[in-house]
Protein chains: 2
Amino acid sequence: MDKETLQEVYGNCACYRARAAARRVTRDYDEALKPLGLKITQFTVLASIKGLKPSSTSKLAKGLAMERTSLVRTLELMQNKGWVRLGPEGYRREQQMELTAEGEALLEQALPVWRDVQARFESRVGEARWQENKDWLLDVAFSD
Amino acid sequence: MDKETLQEVYGNCACYRARAAARRVTRDYDEALKPLGLKITQFTVLASIKGLKPSSTSKLAKGLAMERTSLVRTLELMQNKGWVRLGPEGYRREQQMELTAEGEALLEQALPVWRDVQARFESRVGEARWQENKDWLLDVAFSD
DNA sequence: GATTTACATGTGTATATACACAATGTAGTA
DNA sequence: TACTACATTGTGTATATACACATGTAAATC
């Protein structure tokens with residue numbers, strides 16, 4: 001395998017670039033949220049439960065472009081911490097979920113922290129560039 | 001917390017979007033590489049060892065925007081599979097690394113698979129858009 | 001009514017990521 | 001020499017991700 005070939009790979013690989021970007025951004029958010037004992041992944045789940053009121057974990061997973069079983073493991077953690085409550089099984093075993101009072105309070109606490117990191121991110125990469133590209137990231141995640 | 005606030009969060013969060021995109025892309029690459037028993041993360045490490053000939057795991061981690069300890073765990077796996085060989089400790093405990101013959105052969109086998117998935121990715125999200133945005137992803141990962 | 005189809009959930013296993021902390025090696029300096 | 005500063009590595013722990021497989025539930029079809 002020659003040098004040009006290797007250049008082709010690590011000069012273009014979409015997966016490497018997407019993962020590197022995600023790792024970096026995750027570290028920045030997690031560092032800021034650490035005093036709350038919260039990780040950005042969990043913050044995202046908290047906010048989407050509150051906002052989407054999903055009727056099943058499967059639907060929530062689809063909405064977040066997550067593998068269902070990945071989401072379930074995170075939900076288990078969040079239940080153990082007392083932030084989330086799962087309802088009884090309903091239609092075809094669907095389970096609704098909702099935030100506990102502690103979950104809601106934590107989300108409120110985390111919001112200004114999130115705002116701060118998000119603002120620093122947008123400033124770092126350029127607000128205009130972010131506005132141009134933010135929807136493209138969702139397209140990468142969801143398009144067929 | 002009102003609806004507008006939640007919209008603000010999951011309509012803008014850079015971390016959610018970056019992670020969702022990375023998850024999706026990773027699934028696509030991993031699915032294609034599965035017959036080789038290789039994951040895209042490992043493919044990336046294989047190619048960068050071959051291409052960069054790094055003089056230490058710390059330097060390789062920096063070059064890949066990875067946490068060093070994350071890289072080390074992946075290198076352990078790849079050593080166990082016989083794809084990678086670590087050299088003796090050198091200056092300040094630095095360890096060089098190189099691919100074994102098996103590692104090289106696997107990289108050769110994986111290359112056309114990578115090319116295929118990469119082409120499908122570029123077609124899916126638009127080649128022009130990809131060319132415009134690929135460097136921006138590195139900027140997100142590496143800029144201060 | 002039995003079978004098929006579609007959707008939902010749960011668990012075992014493997015890998016990826018990263019913080020916290022400890023230990024080792026090298027150079028410069030008091 | 002002892003101390004300090006810094007670079008490198010290794011390990012314990014926790015969380016994130018996802019495939020493979022098994023199981024439960026309801027509607028549609030035969």
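By convention in this document, chain letters (A, B, ...) are assigned in the order of the sequence lines, proteins followed by strands, and residues within each chain are numbered from 1.
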Original post:
Does a sphere of radius 6.0 Å around CD in A/Q131 hold more than 12 heavy atoms from other residues, nucleotides or ligands, not counting ones at 6.0 Å or beyond?
Top reply: yes
Original post:
Would you find more than 12 non-hydrogen atoms of other residues, nucleotides or ligands less than 6.0 Å from B/E98 atom CD?
Top reply: yes
Subject >> Contacting residues from residues 52-87 of chain A, given that a heavy atom lies under 4.0 angstrom of DNA chain D >> reply: A/M66, A/E67, A/T69, A/S70, A/R73, A/T74, A/L77, A/K81
Subject >> Terminal contacting nucleotides, 5' and 3', DNA chain C versus chain B (heavy atom, 4.0 Å) >> reply: C/dT15 to C/dA27
Original post:
Which of parallel (below 30°), tilted (30 to 60°) and perpendicular (above 60°) describes B/W114 and B/F43?
Top reply: parallel
**OP:** Pick out which of A/E122, A/K134, A/R115 makes a side-chain hydrogen bond (donor to acceptor under 3.5 Å, both in side chains) with B/N12.
**Re:** A/K134
Original post:
Are A/S143 and B/R124 close enough that a side-chain donor and a side-chain acceptor fall under 3.5 Å?
Top reply: yes
Original post:
Can you find a side-chain donor-acceptor pair between B/R19 and A/T26 that sits under 3.5 Å?
Top reply: yes
Subject >> Earlier contact from the 5' end, DNA chain C, for A/M97 and A/K39 >> reply: A/M97
Original post:
Looking at B/L64 and A/A20, what are the two nearest heavy atoms and their distance?
Top reply: O-CB, 4.2 Å
Original post:
Does anything in residues 13-27 of chain A reach DNA chain C, meaning a heavy atom under 4.0 Å, and if so which residues?
Top reply: A/R19, A/R23, A/R27
Subject >> Close side-chain approach of A/K62 to A/F142, heavy-atom, < 4.5 Å >> reply: no
Original post:
Does A/K39 offer a backbone N or O that forms a donor-acceptor pair with the side chain of A/D30 under 3.5 Å?
Top reply: no
Original post:
Which comes earlier along DNA chain D counting from the 5' end, the contact point of A/R92 or that of A/Q42, where each point is its nearest nucleotide?
Top reply: A/Q42
**OP:** Begin from the C-alpha positions of A/W83 and A/E104 and carry the test side chain to side chain contact (heavy atoms under 4.5 Å, CB included) through to its verdict.
**Re:** CA-CA 8 Å; A/W83 303 338; A/E104 300 246 7; over 6 Å; no
